[in-house]
Undergrad: 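Below you'll find the structure I mean.
Numbering of ligands and ligand atoms starts at 1, following listing order. Since the model is a prediction, treat every value here as computed from it, not as a measurement.
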Amino acid sequence: MTKVITYGTFDLLHYGHTNLLKRAKDLGDYLIVGVTAEAYDMARGKINVKQSLSERIENVRETGLADEIIVEEYEGQKIDDIRRYGADIFAIGSDWKGKFDYLSDYCKVVYLDRTKGISSTELRSEERKLSVGLIGDASWLDKYRMQARFVNGMEIEGIATPDTTMLTPELSELPVITSDISDLLQKVDAVVIASDPSLHEKQIRQALEAGKHVLCESPFALTPEAGDSLVAYAQERGLVLQDAIKTAYSTAFHRLVLLVKGGKIGKVVSVDATCTSLRYSKTDDSITGANWGGMGEWGPIALLPIFQILGTDYTSSQIITRGEKGFVHEGEFTKIDFVYPSAVASMKVATGVKSEGELVISGTDAYVYVPAPWWKTDYFEIRYENPADNKRYFYQLDGEGFRFELITFAQAIANGASNSYISRDISRSLCKIMGEYYLGTNILQIR
Ligand code: C2G
């Protein structure tokens, strides 16, 4: 019996794919089809895949051409599969010509002519374009602009920022540049907001009132009630309102949370997260606006692992802050301690003090260590008493999380349903803690 193996994403299955499968099948008696897993597609830069793995598997199954369907999850798996399944022939479309010659050490490699005039990319790009406007601080927003290029159908139309003379060269080439948000709102379908947290509520409301979808750096507002009211308003109007914390959209961070919640390190006893920068150093007086302080810049990121792992039902919290908000020259620094019924947590953030930017989650069996900068997580370790038991995890992260955040936003708009990676209760608690800090209702100030 001749076994043939082939691989693909098979997104929005079309006759180019079925043609390929048919001819691959004709090369032998038994056809194995490897369908790529989401994480593997992300890692190899295919980030606009429309259908889920299970939908794509189902489509391949329905062709009736595959005798066996497997999932392709990692680089180098093809060699393992060829050996494991005893494949005699590896077949793939001619767009890959030469790329898989190395497999000829293991089996025969056949490149089949690609069907002309059809591709998943074309099918995807027939969708409507999504025109997006940027609101807030140009230096943050430039990261979104950069990553938006990788999101199918998304076009950055313009920016509304207080000082239009402080733009990067790329931002200054956008069609719309204004300091008036309403100018921008007229020209776009959706907005990304990255501004001082005290401005979020007003800016979100203005965008929603204009009928625009919103992706906003957390928190939405400075009280949970104000956040709720924005969410309810967005729902009423059928608009997407999504929290933006890039770390929440990183595959590695997501896996880390799942492993910890699944009991991998035993019972969690402590979560400790630190994020600091000296971006606005003592000598840098050129930066006038756009200084949100340590809490504005880092607060929601540092709170994320605490709330995602321990939940939001803490019994007490204490915010201790040094220096005045935004006055980084004095060594502006904030520490928050949380007490839970059977665990504790702490976070430290600063823009004028430097510390090790690591995340440590302590458990009764082991601990998780995420090295600095943990908020751009692509790697973490589970460490045991005996170092020989330690486990290392790596997941490719492209675009620091911003890219996947934008993809999720675009998908939520297209599907008319929110699929934020940040749950409602966490979003509310972020409003609560950030509000307590900004409104000064529950802080201990040290000099
Ligand atoms: N194909 C084709 N004609 C088209 C489009 C696709 O023959 N018009 C073939 C491709 O060459 C490939 C298969 O259909 O052999 C699946 O295509 P994709 O879903 O685009 O998957 P691809 O990214 O090529 O994945 O590591 C290799 C990958 O697993 C192959």
Undergrad: Where on K116 is there a heavy atom closer than 4.0 Å to ligand 1, on the side chain, on the backbone, on both, or on neither?
TA: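 Near ligand 1, K116 shows nothing, with every heavy atom at 4.0 Å or more.
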Undergrad: Can you tell which of E400, K246, R403, E405 makes a side chain to side chain donor-acceptor pair (under 3.5 Å) with Q147?
TA: R403
Undergrad: Is it the case that ligand 1 has an N or O less than 3.5 angstrom from some N or O of D11?
TA: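 Min N/O separation from ligand 1 is not below 3.5 Å for D11.
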Undergrad: Would you call K78 and E72 a salt bridge, taking side-chain N to carboxylate O under 4.0 Å as the test?
TA: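 Between E72 and K78 there is a salt bridge, with a charged N closer than 4.0 Å to a carboxylate O.
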Undergrad: Between L20 and ligand 1, is there a nitrogen or oxygen pair with a distance under 3.5 Å?
TA: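 Min N/O separation from ligand 1 is not below 3.5 Å for L20.
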Undergrad: State whether R84 and D81 are salt-bridged, where the test is any N-O pair (Lys NZ or Arg NE/NH1/NH2 against Asp/Glu carboxylate O) under 4.0 Å.
TA: yes
Undergrad: For ligand 1, note which part of D95 has a heavy atom under 4.0 Å away: side chain, backbone, both or neither.
TA: side chain
Undergrad: Where on Y111 is there a heavy atom closer than 4.0 Å to ligand 1, on the side chain, on the backbone, on both, or on neither?
TA: neither
Undergrad: When you measure from the side chain of R149 to the backbone of M146, do you find a donor-acceptor pair of N or O atoms at a distance under 3.5 Å?
TA: yes
Undergrad: Without hydrogens or angle criteria, can the side chains of Y74 and D80 be said to hold a donor-acceptor pair below 3.5 Å?
TA: yes
Undergrad: What residue and atom, counting heavy atoms only, is the protein's closest point to atom 21 (O) of ligand 1, and at what distance?
TA: T9 N, 3.1 Å
Undergrad: Does any N/O atom on S94 come nearer than 3.5 Å to any N/O atom on ligand 1?
TA: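 No: no nitrogen or oxygen of S94 is under 3.5 Å from one in ligand 1.
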Undergrad: Could D365 and K267 be called an ion pair, given the rule that one side-chain N must be under 4.0 Å from one carboxylate O?
TA: no
Undergrad: Side chains of N390 and Y369: is there a donor and an acceptor less than 3.5 Å apart?
TA: no
Undergrad: Taking distance alone, with N or O pairs closer than 3.5 Å, would you say F100 contacts ligand 1?
TA: no
Undergrad: Could an N or O of ligand 1 be found under 3.5 Å from any N or O of E72, whether backbone or side chain?
TA: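 Right, the criterion is met.
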Undergrad: What atoms of ligand 1 come closer than 4.0 angstrom to any heavy atom of G93?
TA: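 This gives 11 (O), 15 (O) as the contact atoms.
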Undergrad: Should H14 be counted as touching ligand 1, given the test is an N or O pair under 3.5 Å?
TA: no
Undergrad: Give the residue, atom name and distance (to 0.1 Å) of the protein heavy atom nearest atom 28 (C) of ligand 1.
TA: R44 NH1, 3.6 Å
Undergrad: Indicate, with yes or no, if the rings of F404 and Y421 have centres closer together than 6.0 Å.
TA: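 Centroid separation for F404 and Y421: below 6.0 Å.
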Undergrad: Salt bridge check, D228 against R424: does any charged N sit closer than 4.0 Å to a carboxylate O?
TA: yes
Undergrad: Among all protein heavy atoms, pick the one closest to atom 30 (C) of ligand 1 and tell me residue, atom and distance.
TA: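 Going by distance alone, atom 30 (C) of ligand 1 is nearest to Y7 O, 3.5 Å.
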Undergrad: For the residue pair S195 and D137, confirm or rule out a side-chain donor-acceptor distance under 3.5 Å.
TA: no
Undergrad: In terms of residue, atom name and distance, what is the protein heavy atom nearest to atom 6 (C) of ligand 1?
TA: R114 NH1, 3.3 Å
Undergrad: Output yes when the distance from some N or O of ligand 1 to some N or O of D113 is under 3.5 Å, and no in every other case.
TA: no
Undergrad: Quick check: W96 and ligand 1, any N/O pair under 3.5 Å apart?
TA: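 Yes, W96 has an N/O under 3.5 Å of an N/O on ligand 1.
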Undergrad: Looking only at protein heavy atoms, identify the closest one to atom 23 (O) of ligand 1 and say how far it is in Å.
TA: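 So the nearest neighbour among protein heavy atoms is K46 NZ, 2.7 Å.
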Undergrad: Is there a heavy atom in K78 that sits closer than 4.0 Å to ligand 1?
TA: yes
Undergrad: Should I135 and L184 count as side-chain neighbours, where that means a heavy-atom distance under 4.5 Å?
TA: yes
Undergrad: With only distance considered, is F10 within less than 3.5 Å of ligand 1 through an N or O on each side?
TA: yes
Undergrad: Under a 4.0 Å threshold between the charged nitrogen and the carboxylate oxygen, would D189 count as salt-bridged to K212?
TA: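 A salt bridge is absent here (no side-chain N lies under 4.0 Å from a carboxylate O).
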Undergrad: Please compare I118, L21, N19, V49 and report which has the shortest non-hydrogen distance to atom 8 (N) of ligand 1.
TA: I118
